[in-house]
There are 4 protein chains.
Amino acid sequence: MTRRETLLDAAIALFAEKGYNGTSTSEIVEKAGVAQGTLFYHFKNKEGMLLTILENILNEYLQDMEEVASVTQSGLMTVENLIRCSTHFRQTRSLELLVLMRDFPADLIKPDSPQMMFIIEFFKRFYDLFKNAIDRGQKDGSIRKISSEKYTHILLGMLSGMDRHILLGPLPTPALTEEIVSFCCSALSPPGIDPVSHERRS
Amino acid sequence: MTRRETLLDAAIALFAEKGYNGTSTSEIVEKAGVAQGTLFYHFKNKEGMLLTILENILNEYLQDMEEVASVTQSGLMTVENLIRCSTHFRQTRSLELLVLMRDFPADLIKPDSPQMMFIIEFFKRFYDLFKNAIDRGQKDGSIRKISSEKYTHILLGMLSGMDRHILLGPLPTPALTEEIVSFCCSALSPPGIDPVSHERRS
Amino acid sequence: MTRRETLLDAAIALFAEKGYNGTSTSEIVEKAGVAQGTLFYHFKNKEGMLLTILENILNEYLQDMEEVASVTQSGLMTVENLIRCSTHFRQTRSLELLVLMRDFPADLIKPDSPQMMFIIEFFKRFYDLFKNAIDRGQKDGSIRKISSEKYTHILLGMLSGMDRHILLGPLPTPALTEEIVSFCCSALSPPGIDPVSHERRS
Amino acid sequence: MTRRETLLDAAIALFAEKGYNGTSTSEIVEKAGVAQGTLFYHFKNKEGMLLTILENILNEYLQDMEEVASVTQSGLMTVENLIRCSTHFRQTRSLELLVLMRDFPADLIKPDSPQMMFIIEFFKRFYDLFKNAIDRGQKDGSIRKISSEKYTHILLGMLSGMDRHILLGPLPTPALTEEIVSFCCSALSPPGIDPVSHERRS
DNA sequence: CATGAATGAGCTTTCATTCAT
DNA sequence: GATGAATGAAAGCTCATTCAT
């Protein structure tokens, strides 16, 4: 593993545990076992580390999600599987996701900065994934007639909220994946049709 | 307005805008128009200000919610109105809520500290509010048979997620209150019964 | 007890325990159960409290010692009894003596200030007490021929050193009074004459 | 001279002159001609500087004394030479000794801290040095039959008291070394034997 | 006499960053 | 590529003191 990667791993662990502001560069280099100067040789500054971490995780997140969305199936099934993918991602990449949740939106990401542009761009593509799935579901009859814009916002808010609740909340939380899927499908399925997709699955 | 209140208001505005860590005590006293020492006369330290703000907002939040829950009605209606109350609170107290969302769980609130006890206590009562409503709904037939524990976690995660998405998210968001209510009611109502309670309301 | 006395007592206890610099005026007023302003009503400032305490203790100390010295007896006996008096004073007024030992010479007592004049005046009288006794002892034959100036300095240094060693030293110390007396008398008695004055006493 | 040494020298001079509490870190770095941060790069904190100074001086002090004690000679001669060594140390290292005398026992050295352990350990070894010499002197007949424990305490208290009296006292003091030696030897020698060892010396 | 809210200068300390090697 | 000594701005906080009541 290169020194750069060692540094990133150390930063991810520390940012996840103590937050960006709660972590000093000294702690990072100590945990990584390199000298102070090395950090600033490989990264422009401390903020550069955070941005690198966030961009990496967001790109991988989006890639996984877009792959799921590219499979041909009903709109509702796409939404279901996006939810499952998102949950799975949270379970496998909880450390990086903690960094994201703790420190974004961070004070250090200035409005109109390239970094903010990147973040907004990411959120838009994330938004589009769900929006397109819902639109398709309304055409193929798997999703009831509701405002796809508004319901997309609800799904986005809900999913990130669940991640936060589970990873950062003060209350111990049971496994919830399929309940979240059911919850959303009940709300999205056309009236009278009871979604049992998660039973069909397995 | 006393100096203490002036200071709290200044801190709320700045914490909401720039976060706790991004705000210096100098900025607070400058905005409040008092001397540095005055802050530390009225509060133990900077963290004491944050705690005061958080305790105030959480207490008022809980009070509003418990008042809503105390009205006799069906379990589902109670859930609906809790959601509306929560949304209304977000709209009227967005500044304080921003402070809460930005800076909790903060690294500065140590596990097992009295502060953390207070926060956990608050979350438990918040949890119980929804849990009791769902349990009652399952008895009175207004809510389908699901795990009330799990669905309570989903509602909590969802509501805080929506607050964050709307108040802190990088995407502009339309008004969503009744859609959130519908979304949840669809997921909670017994199968086959389409919830239209929010139309009945008005 | 007047508020002024209450404040002095609180200050003595705290200065003895934590030193002048380690004690804040807030602590003093809290322990005394009065308001901040009261301290500054009764004393010019914090330093004024210390000076008052030091002057009181030094005056009483000197008074006791001068009374002992005024009794007609041999020079050596006077020295002996001065030592015993000093020791007794340490045992009965250890708190005030701790204040003196911890905080004098304090940085706050400026050279050539009236306070310093007072302190120097005190030391001179203290010095004279021993010096006169030794001089008298050399005349009456109870004390050997040595430099009374130098031996006075030795006695002064020794006595204050023993006080410090016993009251502030890190090592537990046994009762030493008569040994100190013997030690000094052996050094002061004319050669060949073994002092047993502390046996004669009792 | 390294920056670390420069800083230590500046601190010694200032602590000796104005005391630990009376000296600000700004003064130290100014006197040393380095930046504020440099102090905290080389030392954990201000207290760390004091501890470093104290440990250095105590170690050297003890080393000198133990070297003196290791020379084979009568018990009384050992005591004499320990006194001379102590006096010589005070004369050559008065600055560091002033720091020690002004600021120890300092409120900042917590009971049971490693620092306090170190200090107590030092005092014990210092104590043993004199105790062993007296015990040996009682065996070889050069020292009278007295409690070696008690007389050791007296010697320790006396020597530190003389240091304080001479270095910190408000009265000008003449040279006293041989008088202190005589004083102690008279008190320690067996009755009837007049010690003139300091004349034999030279 | 007594109060206590208010002050602000000054303190110690942290930490991201630089740069000569 | 890598180092780590050095930096200095900025932070949170303490505390003796003042003064209107």
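Chain letters run A, B, ... following the sequence lines, proteins first and then strands; every chain starts at 1.
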F/dT17 C1' sits how many Å from C/Met49 CE, rounded?
14 Å
Given that A/Lys44 and D/Lys46 both sit by DNA chain E, which one's nearest nucleotide is further toward the 5' end?
D/Lys46
Of all the base pairs, Watson-Crick or G-U under 3.5 Å, which form stems of three or more consecutive pairs involving DNA chain E?
E:2-21 with F:2-21
How many Å lie between CG on A/Leu7 and P on E/dA16, as a whole number?
13 Å
Of all heavy-atom pairs linking C/Glu17 and C/Arg102, the shortest is O-NH2, 3.2 Å
Interatomic distance where CD belongs to A/Glu47 and P belongs to E/dC15 [whole Å]
17 Å
Min side-chain heavy-atom separation D/Phe43-D/Leu7 under 4.5 Å
yes
What is the distance, to the nearest angstrom, from the CZ atom on D/Phe15 to the C1' atom on E/dT12?
12 Å
Please check the phosphate of E/dT3 (OP1 and OP2 only) for any side-chain N or O of C/Arg3 closer than 4.0 Å.
yes
Check the distance between E/dG10's P and D/Asn21's CG and give it to me in whole angstrom.
17 Å
D/Leu14 CG - E/dC11 P separation (whole Å):
13 Å
Can you list, in residue-number order, the parts of residues 36-43 of chain A that come under 4.0 Å of DNA chain E, counting heavy atoms only?
A/Gln36, A/Phe40
C/Tyr41 meets the side chain to side chain contact (heavy atoms under 4.5 Å, CB included) criterion, sequence neighbours left out, with none
Is any side-chain heavy atom of D/Thr2 closer than 4.5 Å to one of D/Glu5?
yes
Tell me every residue that passes side chain to side chain contact (heavy atoms under 4.5 Å, CB included) with A/Ile119, counting only those two or more places apart in sequence or in another chain.
A/Leu58, A/Phe104, A/Met116, A/Phe123
Heavy-atom side-chain proximity of C/Arg4 to C/Thr52 below 4.5 angstrom
yes
Exercise answer: donor-acceptor pairs, residues 25-34 of chain C side-chain atoms, under 3.5 Å, sequence neighbours excluded:
residue, atom, partner, partner atom, Å
C/Ser26, OG, C/Gln36, NE2, 3.2
C/Glu27, OE1, C/Ser24, N, 2.8
C/Glu27, OE1, C/Ser24, OG, 3.4
C/Glu27, OE2, C/Lys18, NZ, 2.4

Whole angstroms only, please: what is the CZ-P distance between C/Arg4 and E/dT3?
16 Å
Can you find a pair of side-chain heavy atoms, one from A/Leu97 and one from A/Tyr61, that are under 4.5 Å apart?
yes
List in numerical order all residues of residues 23-35 of chain B for which some heavy atom is under 4.0 Å away from an atom belonging to DNA chain F.
B/Thr23, B/Ser24, B/Thr25
I want to check a possible cation-pi pair here: C/Lys46 against C/Phe40, using under 6.0 Å from ring centre and within 45° of the ring axis as the test.
no
OP1 or OP2 of F/dA16 less than 4.0 angstrom from a side-chain nitrogen or oxygen of C/Asn45, does that happen here?
no
Any donor-acceptor pair under 3.5 Å linking the side chain of C/Asp103 with the backbone of C/Tyr20?
yes
Which whole-number value in Å describes the distance from A/Glu5 CD to F/dG1 C1'?
15 Å
B/Arg93 (side chain) donor-acceptor with B/Ile57 (main chain) under 3.5 angstrom:
no
